[in-house]
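What follows is one structure encoded as structure tokens, with my remarks underneath.
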Amino acid sequence: MLGGFSFGQKKLGNETKEQKVKRMEWWTDARFGMFIHWGLYALPARHEWVKYREQITNEQYQKYFDEFNPDQFDPKLWAKQAKAAGMKYAVLTTKHHEGFCLFDSKYTDYKSTNTQAKRDLVKEFVDAFRAEGIKIGFYYSLLDWHHPDFTIDLNHPQRPVNITDTAAAYNELNKNRDMAVYRKYLYNQVTELLTKYGKIDLLWLDYSFAAKGNAPGKGKDDWGSVALLQQIRKLQPNIIVNNRLNLGEYEDGADFETPEQVKPEALAKFKGKSFETCQTFSGSWGYSRDENTWKSQRQLLDLLISSVSNGGNLILNVGPTARGEFDYRAKNALDSLADWMHANSKSIYKCTYAPDEYKVPDGNKLTYNANSKRLYVHVYNYPADGKLILPGYKNRLKYAQFLFDNSELKFEVQGDDAVLQLPAKKPLYEIPVVELLLN
Ligand code: JFZ
């Protein structure tokens, strides 16, 4: 066969390009999802990497397992909050790097059903979000800082003090550890997650990393990535999988890229690819009590608009507290998104980047719905006199209106341009959206 896959790449299944587009359609249309990072790290409440950062041993970390008691956990409320914010899918950490499982796995005792919670939190999440019509995603950490066979590498809490220490130092630390045993565990748990909870729409596996000098990294062979992906596709043929598995020559077998904490200006290079920007409300994924760099509504909207205006998705993270709630800062952030999405979601769902011939008026950002032939101008820079110049739109514009109330916006042709007359006084919405119906 000629073509069908890019240079140097091997194909895993026999899905055609068209079938792939169809399989990914709901995700491409959705554009906006919720990430949920929740685990024992909510108790220390100082970042989900606390065990690594402070080089905490399993014994020292045990108190968080013993004290885990999320008495306010109400996934139906979480689902309502996600839905109100306009998020169409949600991805929960079924296990993060710390190794604690939020589900009733038969392969470990280190799980929520053995804590005071006594609940399969994953099952309740799935039921509640599905009931709200939100697509279900599982995050599963490839790293595991609790499993006794997971070999110590540069990202492990028990790494040598100097992480670039000699290979001998790592060998000594790893002499009783066997990645083959862990690999089987990982395979078994992913199998459980994909067989016990019904249809799973998305899987987010995290992550692979290169060695640094003598300090080992982890990738393809450690995870058994290719066999794992084949198993995933077999169990859930319609699932969408991210690209952090390190698939080598099978890299095209992953479905989307995951630029993380990438600045909006840097997203242009992903144009034309399937990508999902993942971002936090503040500077941590896990609940971080004293972290105070919370993004403003405008910054959050910019992340969403910038993702869609480059043809990608945004998944925004909430880190619930140890009691199982979205704290007031997260609630405020979600509420502010809900307000905006209530008024403007037409410029987000099923939208993508605008064709090149449509120029962005000065500092503003465009999205485009090819089906309805509508272009959306996100007015970042509100013109002082209300005159919004659309460069080169002389013969292109049929009708214009604000999205928030469908009120008409009149325009005049001046030379090659169309000039829209917005109200001189800026409407109260942050980043109002103008809908342009094109000829
Ligand atoms: C990972 C996790 O370590 C982190 O805690 C969080 O879950 C996040 C979503 O994913 O962090 C990464 C993983 C990969 C890269 C950067 C951060 N990367 O490839 O640049």
Side-chain angles (χ1 to χ4, degrees), residues 29-32 81-88 264 296-311 313-314 316 332-439:
D29 288 350
R31 289 304 183 213
F32 192 24
Q81 290 171 295
K83 192 171 180 169
M87 292 152 157
K88 298 278 195 187
S296 66
Q297 183 200 19
R298 189 177 174 90
Q299 286 173 306
L300 297 171
L301 292 176
D302 187 32
L303 294 172
L304 179 60
I305 296 160
S306 302
S307 295
V308 180
S309 73
N310 286 298
N313 289 13
L314 173 70
L316 256 183
N332 286 344
L334 286 167
D335 284 350
S336 78
L337 292 168
D339 280 348
W340 192 89
M341 285 296 279
H342 175 75
N344 300 306
S345 66
K346 256 176 110 182
S347 76
I348 301 298
Y349 304 139
K350 299 185 188 216
C351 287
T352 186
Y353 54 86
D356 282 340
E357 67 258 34
Y358 299 108
K359 297 297 169 231
V360 192
D362 191 32
N364 302 311
K365 294 187 184 178
L366 289 179
T367 64
Y368 177 65
N369 185 321
N371 264 332
S372 62
K373 287 196 70 186
R374 279 158 208 255
L375 199 57
Y376 297 97
V377 187
H378 298 78
V379 186
Y380 282 66
N381 290 332
Y382 201 86
D385 56 1
K387 291 195 188 310
L388 186 73
I389 300 169
L390 303 172
Y393 285 62
K394 183 175 79 174
N395 296 318
R396 295 194 160 132
L397 192 55
K398 213 191 284 184
Y399 188 76
Q401 60 183 0
F402 270 133
L403 271 190
F404 63 81
D405 62 355
N406 280 8
S407 61
E408 181 184 11
L409 295 164
K410 293 190 171 170
F411 61 94
E412 284 177 1
V413 171
Q414 289 180 10
D416 285 342
D417 306 334
V419 180
L420 274 183
Q421 184 61 58
L422 308 185
K425 193 171 179 305
K426 180 184 183 278
L428 273 179
Y429 282 103
E430 189 75 56
I431 317 184
V433 184
V434 171
E435 181 177 49
L436 305 178
L437 180 55
L438 303 168
N439 277 315

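All values derive from a computational prediction rather than experimental measurement. Numbers here are sequence positions counted from 1.
- Distance check, rounded to the nearest 0.5 Å: CH2 of Trp340 to CZ of Phe404 gives 12.5 Å.
- Pairs engaging residues 426-439 under the side-chain hydrogen bond (donor to acceptor under 3.5 Å, both in side chains) rule: Arg298-Glu430, Lys346-Glu435, Tyr376-Glu435, Gln401-Glu435 [sequence neighbours left out].
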Donor-acceptor pairs are to be reported for all side-chain atoms of residues 389-398 against protein atoms at under 3.5 Å, with residues two or more places apart or in another chain.
residue, atom, partner, partner atom, Å
Tyr393, OH, Lys359, O, 3.0
Arg396, NH1, Glu357, O, 3.3
Arg396, NH1, Gly392, O, 3.3

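- Leu375 is not listed as a side-chain neighbour of Val434, based on a closest heavy-atom distance of 4.5 Å or more.
- Proximity of Leu316 to Leu337: side-chain heavy atoms (C-beta onward) are separated by under 4.5 Å at one or more points.
- The two residues Cys351 and Arg31 have their closest heavy-atom pair at O-NE, 2.8 Å.
- You'll find the side chain of Val433 stays beyond 4.5 Å of the side chain of Ile305, heavy atoms only.
- Listed by chain and number, the residues in a side-chain hydrogen bond (donor to acceptor under 3.5 Å, both in side chains) with Gln297 amount to none (sequence neighbours excluded).
- Under the rule for a side-chain hydrogen bond (donor to acceptor under 3.5 Å, both in side chains), the partners of Tyr380 that lie at least two apart in sequence or sit in another chain are Asp302.
- A pairwise comparison of heavy atoms in Ala400 and Leu420 identifies CB-CD2, 3.5 Å as the closest pair.
- Closest non-hydrogen pair, Gly415 versus Val413, comes out as O-CG1, 3.6 Å.
- Between Asn364 atom CG and Leu388 atom CG the span is 6.0 Å, to the nearest 0.5 Å.
- Evaluation of the side chain to side chain contact (heavy atoms under 4.5 Å, CB included) rule for Asp356 yields Lys271 as partners, not counting sequence neighbours.
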Output, in order, the C-alpha distance, side-chain angles, deciding distance and verdict of side-chain contact (heavy atoms from CB on, under 4.5 Å) for Tyr358 and Leu436.
CA-CA 11 Å; Tyr358 299 108; Leu436 305 178; over 6 Å; no
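- Across all non-hydrogen atoms, the minimal contact from Leu314 to Ser307 is CB-OG, 3.9 Å.
- Residues Pro423 and Leu409 have side chains in contact (heavy-atom distance under 4.5 Å, counting atoms from C-beta outward).
- The CG atom of Asn313 sits 10.5 Å away from atom CZ of Phe32, with the distance rounded to the nearest 0.5 Å.
- The two atoms that bring Tyr399 and Glu408 nearest to each other are OH-CB, 3.4 Å, heavy atoms only.
- Taken to the nearest 0.5 Å, the CD1 atom of Ile431 stands 10.0 Å off from the CG atom of Asn381.
- Summarising the geometry, atom OH belonging to Tyr368 is positioned 6.5 Å from atom NZ belonging to Lys373; distances are rounded to the nearest 0.5 Å.
- Annotation: side-chain hydrogen bond (donor to acceptor under 3.5 Å, both in side chains) contacts involving residues 410-423, sequence neighbours excluded, comprise Lys387-Gln421, Glu412-Gln414.
- In this structure, the side chains of Met341 and Leu304 come closer than 4.5 Å at one or more pairs of heavy atoms.
- For the atom pair Asp29 CG and Thr352 OG1, the distance stands at 10.5 Å (nearest 0.5 Å).
- When all heavy atoms of Ala424 and Tyr382 are compared, the pair lying nearest together is O-CE2, 4.1 Å.
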